Structures are given as structure tokens and as C-alpha cells.
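Each remark here refers to the structure printed beneath this line.
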Amino acid sequence: MHAMTEDKASPIKTDVLIIGAGPVGLFAVFELGLLDMKAHLVDILDKIGGQCAELYPEKPIYDIPGIPTITGKALVDQLMEQIRPFGPQFHLNEMVEKVERIGDPLFRATTNIGRVFEAKVIVVAAGGGSFQPKRPPINGIEPYEGTSVHYAVRRMEDFRDKRLLIVGGGDSALDWTLSLAPIASHLTLLHRRADFRAAPDSVNKMMALAGEGKIDLVLGQVTALEGDGGQLSKAIVKRTDGSEFHIACDVMLPFFGLTMKLGPVADWGLELKDELVPVDTEAFETNVPGIFAIGDINWYPGKLKLILSGFHEAALMAQKAHRYVYPDKRLVFQYTTSSTSLQRKLGVS
Ligand SMILES: Cc1cc2nc3c(=O)[nH]c(=O)nc-3n(C[C@H](O)[C@H](O)[C@H](O)COP(=O)(O)OP(=O)(O)OC[C@H]3O[C@@H](n4cnc5c(N)ncnc54)[C@H](O)[C@@H]3O)c2cc1C
């Protein structure tokens with residue numbers, strides 16, 4: 001599913017590139033698939049499902065038509081089941097940075113790791129924008145970012161035999177403390193208070209490690225970093241009583257949660273209105289023909305940021321996208337209930 005092995009220099013050609021694998025991007029695969037259009041999806045997150053998966057996987061949603069109650073995670077699982085017949089290709093942990101028009105319409109999109117797509121249609125389903133890690137408010141942190149300060153763990157091996165400082169009190173901070181403690185030469189977990197917002201089981205395991213002297217658990221806040229040429233050597237930490245001390249470390253991993261920023265969508269030549277992308281309400285197409293915007297990212301008079309609105313937008317988008325992908329084919333409106341041709345595509349007849 002995660003196409004990491006192909007040659008990144010040669011473009012991946014697809015009918016449609018969907019930017020964002022939130023609920024609306026996922027349902028777009030279904031509507032496009034019924035009309036014979038294949039899609040690749042890119043998402044910055046390491047998981048499928050956008051806000052439902054990242055922000056409220058266990059909360060029940062009560063306003064999905066025909067489903068009285070379903071959690072964020074279960075909705076994403078059901079959408080994945082529904083789109084399986086259309087074989088969507090996912091590229092996670094990747095951000096689409098650039099979108100250029102190279103034909104009529106044909107687009108080239110490039111991700112932050114240099115993967116290139118060529119698509120006849122682009123569907124921006126980027127929700128509230130890109131999820132990005134919240135930066136700790138430490139003056140002078142920039143030179144260390146990417147070398148000694150990391151907001152995500154891509155490869156655990158990078159931290160073997162290092163002195164690690166993990167900062168935060170949520171699930172990410174606790175989970176990485178438990179996973180990295182056995183391979184780090186020394187690990188300190190720093191949180192501003194003794195109250196943790198993580199799963200109780202993780203908190204208990206972390207407390208046990210601290211009790212056995214396998215990690216240091218420290219309460220306080222980082223106020224400054226010291227090091228040379230981007231290589232960290234210590235963090236200056238202030239305790240709640242105002243006293244200061246330092247923690248010797250090679251790497252700092254702050255886990256302060258994620259925030260949503262519009263991000264690169266702003267640079268693709270799309271008209272913007274208050275960080276949203278205005279679209280028409282016939283096809284949810286932007287000011288650039290062939291680029292559509294559906295779900296939370298778009299704006300039109302009366303827009304409601306609801307999942308059900310995004311589903312409706314995906315259906316109408318697909319009708320117009322068909323004209324770009326198959327300019328010579330006439331589209332015949334059909335019901336899934338009665339069309340054997342649609343049922344064949346769904347693998348049910
Ligand atoms: C706590 C909470 C409760 C909610 N409850 C409800 C509810 O009960 N009912 C309801 O209808 N709605 C609810 N919502 C709103 C609902 O979650 C959103 O309307 C829905 O998630 C929008 O879906 P989307 O696919 O448009 O965007 P998102 O879910 O935001 O997904 C967009 C995805 O695009 C990705 N992305 C953005 N930019 C890029 C880029 N450049 N490259 C690659 N990927 C990118 C992001 O990482 C993200 O995963 C709730 C929201 C919250 C926060």
C-alpha cells in the first residue's frame with residue numbers, strides 16, 4: 001500500500017491525485033472509482049483518516065446519514081472497506097509541496113521527498129490544512145531542528161546509544177519513551193507537571209522504568225538549548241519552583257501535539273479566502289480548471305464543515321472530473337442498486 005520502493009524520479013501517472021486522505025478524500029476514491037477513474041492519495045500523517053483518525057478516533061459521530069453512531073476510527077475503517085474495490089494507492093508521511101499545470105489539463109505534483117505525480121485531475125481534500133508538530137517556545141531552537149531536535153521518529157536506530165531528552169506528557173511522548181529506553185544510552189522524560197495525558201498503561205510502564213532507574217523522570221520546562229553547529233549538548237531546564245539546572249543530551253524529541261496550518265496549498269496558484277479555497281457549487285472546482293477542492297478546505301456560500309457535506313461534494317466533483325479524464329466519453333447516470341455495470345466494479349455481481 002505504501003509505495004516507497006519505486007523510482008522517485010520517474011513520475012507516477014494517474015487519472016486523479018487526491019491531496020489528503022481524510023474522510024472526504026477517501027470517499028472521493030469511491031465516487032471516482034464508480035466512474036472508472038483511478039486515484040493516488042498523499043497524506044502528511046502516518047495514518048489514513050485525517051481529523052477523524054488523528055483528533056477523535058474514539059469519539060462517536062452522530063450525524064453520518066444512515067449510521068446513528070460511529071466512532072472516528074470505525075468510520076475510517078468502513079470507508080476503507082467501501083473503497084477497497086477501487087485499489088487506491090496511498091503515500092503516507094508525505095506532503096504535497098508543489099502543484100504545477102503542465103497540460104490542458106495535466107498537472108505535475110511533487111512531494112517533500114521528491115516523489116512526482118502526473119495527474120489529469122487534482123483533488124485538494126486537505127481539510128484544515130497540513131498537520132504540523134507544535135514547536136516548543138524555546139528561543140534559538142531553529143539551528144538544532146532536523147539535526148538534534150526532531151518532532152517525529154522516522155527510524156529508531158538513529159537514536160541508538162544517544163542521550164535522549166523526550167519532552168511532553170501525552171501518548172506520543174510516553175510511547176516513544178517506552179520504545180526508545182532500551183536502545184538509548186540514557187533517556188530523560190521531561191514534563192511540566194506530574195499529570196500525564198497518556199494511556200494509563202503507558203504511564204504505569206513509564207513509572208516502573210523510572211522506579212527501576214532505567215530512565216530519569218523530571219518535572220520542569222526547557223528554557224534554552226546549548227550546543228555547537230546544530231549539535232545539542234545540553235538543555236537548560238526550569239523547575240516549577242523557578243530553580244534552573246541542565247540536562248546533558250545529544251537529541252531532544254519534543255511531542256507537544258499537532259496543529260493545522262494551511263501549508264503549501266497557499267502556493268499552488270489557487271484563489272484563497274480566509275485560508276480556504278473558493279469553489280463553485282456545481283462541481284466544487286477551483287479557479288484553476290481541473291483542480292477541485294472538497295471537504296473542510298473549500299469555501300462557498302452556506303458551506304458547512306461537516307463530513308456529509310464533503311461526501312456530497314465528492315460525488316459532484318467526480319461527474320466533472322470525468323470530462324477531463326475521458327473527454328470523449330458520455331457519462332450515463334446510474335444507481336448502484338440497479339446498475340449491473342456499477343455492481344461489477346464493486347465486485348458484488
Ligand atoms: C473533535 C472534532 C469532532 C468532530 N465531530 C464531527 C461530527 O460529529 N460530524 C461531522 O460531520 N464532522 C465532525 N468534525 C469535523 C470533521 O472531522 C471534518 O469535517 C472532516 O474531518 C473533514 O474531512 P476532510 O477529509 O475534508 O479533511 P481532514 O479530515 O482534515 O483531512 C485532511 C487531510 O489532508 C492532509 N493534508 C493537508 N495538506 C496536505 C498536503 N499538502 N499534502 C499531503 N496531505 C495534506 C492532512 O494531513 C489531513 O490528514 C469534527 C472535528 C473535530 C476536530
Side-chain angles (χ1 to χ4, degrees), residues 2 17-31 39-76 78-80 83 88-100 107 109-117 119 122-133 151-152 257-270 272 275-277 279 284 291-300 303-315 317:
H2 199 152
L17 177 69
I18 301 175
I19 302 172
V24 177
L26 294 179
F27 191 64
V29 171
F30 184 84
E31 292 294 336
H40 280 248
L41 298 94
V42 181
D43 204 297
I44 300 160
L45 294 178
D46 59 1
K47 55 170 106 52
I48 289 160
Q51 294 175 48
C52 299
E54 183 63 36
L55 300 180
Y56 58 99
E58 286 170 8
K59 280 207 172 114
I61 309 171
Y62 299 103
D63 57 353
I64 303 297
I67 307 178
T69 170
I70 187 165
T71 63
K73 170 153 190 337
L75 176 66
V76 173
Q78 296 277 50
L79 284 165
M80 286 299 286
I83 66 178
Q89 301 278 307
F90 290 93
H91 307 269
L92 300 179
N93 277 317
E94 265 180 73
M95 172 159 80
V96 175
E97 280 189 339
K98 219 157 114 188
V99 174
E100 306 153 275
F107 300 93
T110 313
T111 74
N112 59 328
I113 64 157
R115 197 191 305 281
V116 179
F117 296 89
I122 300 271
V123 175
V124 183
S130 34
F131 280 103
Q132 289 175 3
Y151 297 104
L258 298 172
T259 173
M260 288 183 96
K261 294 213 170 90
L262 182 59
V265 178
D267 308 324
W268 301 340
L270 302 176
L272 291 178
E275 305 242 300
L276 297 169
V277 181
V279 288
F284 305 96
I291 303 188
F292 297 80
I294 57 175
D296 278 14
I297 192 77
N298 75 12
W299 180 86
Y300 50 85
K303 166 77 181 181
L304 282 180
K305 287 191 186 183
L306 285 176
I307 296 167
L308 71 88
S309 319
F311 288 173
H312 160 78
E313 294 159 14
M317 170 280 292

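Atoms within each ligand, like the ligands themselves, are counted from 1 in listed order. Every value quoted in this text rests on a predicted model; they were computed, and no experiment measured them.
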Exercise. Does any N or O atom in Q51 lie less than 3.5 angstrom from one in ligand 1, N or O only?
Worked result: yes

Exercise. Do N112 and E94 come within less than 4.5 Å of each other through their side chains, counting heavy atoms only?
Worked result: yes

For this session: Considering only non-hydrogen protein atoms, determine which one is nearest to atom 1 (C) of ligand 1 and report residue, atom name and distance to 0.1 Å.
Result: Y56 CD2, 3.7 Å

Exercise. Where do A39 and I18 come nearest, in terms of heavy atoms and distance?
Worked result: CB-CD1, 3.8 Å

Exercise. Pick one: which of L79, I64, I48, V76 meets side-chain contact (heavy atoms from CB on, under 4.5 Å) with P23?
Worked result: L79

For this session: Ignoring hydrogens, just give me the one of G127, A293, S130 whose non-hydrogen atom is nearest atom 27 (O) of ligand 1.
Result: G127

For this session: List the closest protein heavy-atom neighbour of atom 18 (C) of ligand 1: residue, atom name, distance to the nearest 0.1 Å.
Result: D296 OD2, 3.3 Å

Exercise. If you measure from each non-hydrogen atom of M95 to ligand 1, which part falls under 4.0 Å: side chain, backbone, both or neither?
Worked result: both

Exercise. What's the shortest distance from atom 37 (C) of ligand 1 to any protein heavy atom, and which residue and atom give it?
Worked result: G129 O, 3.2 Å

Exercise. V96 to ligand 1: N or O pair under 3.5 Å?
Worked result: yes

Exercise. Just heavy atoms, cut-off under 4.0 Å: does E94 contact ligand 1 by side chain, backbone, both, or neither?
Worked result: backbone

Seminar exercise, completed: atom 39 (C) of ligand 1 has as its nearest protein heavy atom I44 CD1, 3.5 Å

For this session: Could you tell me the residue and atom name of the protein heavy atom closest to atom 34 (O) of ligand 1, and the distance to it rounded to 0.1 Å?
Result: G20 CA, 3.2 Å

Exercise. For ligand 1, does D43 get within less than 4.0 Å through its side chain, its backbone, both, or neither, judged by non-hydrogen atoms?
Worked result: both

For this session: Indicate the atoms forming the closest heavy-atom contact of L276 with W299, along with that distance.
Result: CB-CB, 3.9 Å

Exercise. Do W268 and I122 touch side chain to side chain, with heavy atoms closer than 4.5 Å?
Worked result: no

Exercise. For ligand 1, does A125 get within less than 4.0 Å through its side chain, its backbone, both, or neither, judged by non-hydrogen atoms?
Worked result: backbone

For this session: Looking only at distances, please establish whether an N/O atom of ligand 1 is found under 3.5 Å from an N/O atom of V24.
Result: yes

Problem set entry | Student check: side-chain heavy atoms of L262 and I297 closer than 4.5 Å | yes

Exercise. For ligand 1, which part of T111 has a heavy atom less than 4.0 Å away: the side chain, the backbone, both, or neither?
Worked result: neither

Exercise. Looking only at N/O atoms, are I307 and ligand 1 under 3.5 Å apart anywhere?
Worked result: yes

Exercise. What do we get for D63 next to ligand 1 when only non-hydrogen atoms under 4.0 Å count, side chain, backbone, both or neither?
Worked result: side chain

For this session: Taking all heavy atoms of Q78 and all of I70, pick out the closest pair and write down the distance.
Result: CG-CD1, 3.9 Å

Exercise. Do you know which of Q89, R115, H91 makes side chain to side chain donor-acceptor pair (under 3.5 Å) with H40?
Worked result: H91

